Amino acid sequence: MSTYADVIVDLSVRSVDRVFAYRVPDHLLDKVFIGCSVKVPFGKGGRLLDAIVVGLSAQPGFEEDRIRDIAKVREEIPGVKSQLIMLADWMHRRYGGTMAQSLRTVMPVKKPVKGLQKVTYILSSRQQAEKFYQEKKDNKRERARVKMIGAMLEEQDQAITRDKAISGLGISASTISSLLRDGLIRQETEQIYRQAVRERLDGWERVVLNADQRRIADAVIASHRSRSEGSRVPVHLIHGVTGSGKTEIYMELMEEVLRSGQQVILLIPEISLTLQTVSRFYARFGDQIAVMHSRLSRGERWDQFERASKGEASIMIGARSALFTPFDHLGMIIIDEEQDGAYRSEVTPRYQAVETALERARLSGASLVLGSATPSLTTYYNALQGRYFLHTLNHRAKEGSVLPPVDIIDMRSEFRIGNLSILSKSLRQAMQECLADGKQMMLFLNRRGFAGFVSCRDCGYVFKCPHCDVSMTSHSGKKLRCHYCGTERILPDLCPSCGSRHIAAFGIGTQKVEQMLRKEFPQARLLRMDRDTTSGKNDMEQIIRSFAAGEADILIGTQMIIKGHDFPKVTLVGVLAADLSMFSGDYLSGERTFQMLTQAAGRAGRGSDPGRVIIQTYQPDNYCIQAAARQDYQAFYEEEIKFRQAMRYPPCAHMLMITAEGADDEQTAQAMQFARKLAAESDRVAVQVLGPSRASITKIRDLYRYVMYLKCPDDRELIRLRMLIEESLKKAGLDKKIYFSYDMDPISLF
Ligand code: ADP
Ligand code: ZN
Ligand code: ZN
């Protein structure tokens, strides 16, 4: 039996889908691996070309007798392209999907960039577009729309520029708007980031590291210098309260890496990737910096990567995709706010940045540094197990800057004395004082992960699933359902804990808060920051600037307002309903709440005034709230890890989420049952199957959605099962009409 290799010949990686098949001759069998460089005969003349192996299989995938042999394996240290292909292979195996999807993730496709303002349209979902195309292709009235969608489906990246659509295909602007309106396509507009950074913020003075910072920087540098090839990647966790000077340490480390002629990738959560943050790095490192974020078009991403691979830049600062920067001599990857949810890809492969960074660091011989004020439970667990070095910073770096006092307000007592407003007496009073003093405040609604739980206003009781210990969500007003196992309950009329009749779904929105505040504080100037007010590309920046410039007294918003922005004039931070995120129906609700409350508290008193934080809640004794109020990570960790252990949730076990979407409800449900059977029949007893059940949103854009979870202490077992399921679905032909996807240790519900 022979082995066959898929190779990419075009080393500029214009198209990662155009793979060519070759046979691996016997004498090269143990030399060929994914990512290795080879020479292959190409075209009629059989000219030898450089190529990289991107896949290996036992089937030829091409007519057997026309396949040619790989000519030779090039003995060389794998270059960065090979490393990235090996990384894609690792991602493909760990997270599922196709190798082409993983390759596209690590290598942006080349797209020439013309003007500064280029508009590109991209299909919102391939499946949806195909369905539209099939249904409408014979409908005369839909001709223009079908033509455009058809053309986009033909494109490798399912995208088309506005130029090409209008002048190339003769599509009218109104046709395009109607497709945008119907959600079939979405629009990407280019923005040159370097321009934005020209207007630098002045006044960033270089600081001298204090003793704690120095000690940590020295330890990381020593371990970095002594790392050796083939040994384990040194991973450092810098656990430091907000404002403790982690960023200054990163800069020190970057300088060290640059001095040794190597390069650095710094990941920052997308949302903090603002002018304010990036300017600080520009002030110190100037044009050695390249920046990457999702608002850049594909062409610009490619350009930034080009700068990196040509050596024009040595530091890449960016959101999660910056992880794939083609640096030839990558020395260090730093991930700030490593717990951030934005480090998880929402499309296949659903990779997790910290795990993937560790693999990239391994392939490149780099060090990995993680920083956070509230590390993810998984990261901290790994640090305590001795897998990572743990460094702690307990104090704010700036002289006189202290963490603010936090008051917890019991909303149950407010309810009992007849205060039905969203504002407790204490918060209202604090707001009045703040306004009278001419200071600024932030009001925070931690809606992230919010899933519509049901609770008692009298005693704070929350309905939870007896099997999964997560809150249940109300359905059609009368029923409760668990997202994990699908268990349903009838909603009783009286609270099972105190007998009160005041049980109801919990919910509140930023817009409502804004309306209410306008009435109650007509003299105050308000700004609101949430998904609705930041849909334009510069909206968020605008709101931040305006608030920083003192153009408003109150900033109301979702988690967006608490991420990393420095507003020295803010002296009051109010958390309106801590419960919102505390019962989001998944195992991460406590962790998420602790992180958000800690971050929110860190926003107050950034200047000389210590400020004040008020947290409103119906569960004032909950350990997440108590620990966040005291900024006590240890206490939180110890309670939370007990819960994870008892319920076998990550990091104490692994959980694979399997989702299926299909146009036919019955078929989709059956395909899911098919997958369930495979998992249940697994000979390894340790795998626990939850579901399948309907997803929390049962139908989106005419596609029915189902979800199922597999739990197991060993992630390799879950990977093995996923591969079995993927393969069996393919064999049974079920993967064509029903779209399956996989998420390892998911951080959100489906
Ligand atoms: P973190 O990244 O942990 O939130 P930063 O590095 O942003 O903390 O530091 C917080 C503030 O303290 C910044 O304004 C920074 O300039 C200042 N700072 C950091 N280290 C020092 C130091 N050693 N001496 C004086 N100020 C410092
Ligand atoms: Zn009650
Ligand atoms: Zn359950």
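Counting convention: from 1, in listed order, for ligands and their atoms alike. Computed from a prediction, not measured in an experiment: that's the story for all the values here.
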Can you tell me if an N/O/S atom from His467 lies under 2.8 Å from the Zn ion (ligand 3)?
no
Taking 2.8 Å as the cut-off, does an N/O/S atom of His483 lie below it from the Zn ion (ligand 3)?
no
Nitrogen or oxygen of [X] less than 3.5 angstrom from that of ligand 1:
X	result
Thr242	no
Gly245	yes
Gly243	yes

Any salt bridge linking [X] with [Y]? Criterion: basic side-chain nitrogen under 4.0 Å from a carboxylate oxygen.
X	Y	answer
Asp218	Arg215	no
Arg214	Glu248	no
Arg344	Asp743	yes
Glu252	Arg284	yes
Lys711	Glu717	no

Strictly under 2.8 Å, is the Zn ion (ligand 2) approached by any N, O or S atom of Cys459?
yes
Pair Tyr380, Tyr633 - check ring-ring contact (aromatic ring centres under 6.0 Å, His included), show working.
CA-CA 10 Å; Tyr380 204 75; Tyr633 184 86; 4.7 Å; yes
For Leu209, the ligand 1 atoms with a heavy-atom partner under 4.0 Å come out as 23 (N)
Under 4.0 Å from one or more heavy atoms of Asn210, ligand 1 contributes atoms 23 (N)
Min over Arg214, Glu248, Arg396, Arg206 of heavy-atom distance to atom 19 (C) of ligand 1 lands on Glu248
Only heavy atoms count here, so choose which of Glu337, Lys246, Arg280 is nearest to atom 7 (O) of ligand 1.
Arg280
[X] ring center near [Y] ring center (under 6.0 Å):
X	Y	value
Tyr618	Phe506	yes
Tyr484	Tyr649	yes
His391	His236	yes

I need the SG(Cys485)-the Zn ion (ligand 3)-SG(Cys465) angle, rounded to 10 degrees.
110°
Test of geometry: compute the angle SG(Cys482)-the Zn ion (ligand 3)-SG(Cys468) and round it to 10°.
110°
Part of [X] within contact of ligand 1 (heavy atoms, under 4.0 Å):
X	result
Val208	backbone
Thr247	both
Leu393	neither

Just to confirm my numbers, could you give the angle made at the Zn ion (ligand 2) by SG of Cys498 and SG of Cys495, rounded to 10°?
110°
Gly240: heavy atom below 4.0 Å from ligand 1, yes or no?
no
On the 0 to 90° scale, with breaks at 30° and 60°, tag the Tyr461-Phe463 ring pair as parallel, tilted or perpendicular.
perpendicular
State whether the number of non-hydrogen atoms from other residues, nucleotides or ligands found under 6.0 Å of Arg416 atom CZ is greater than 12.
yes
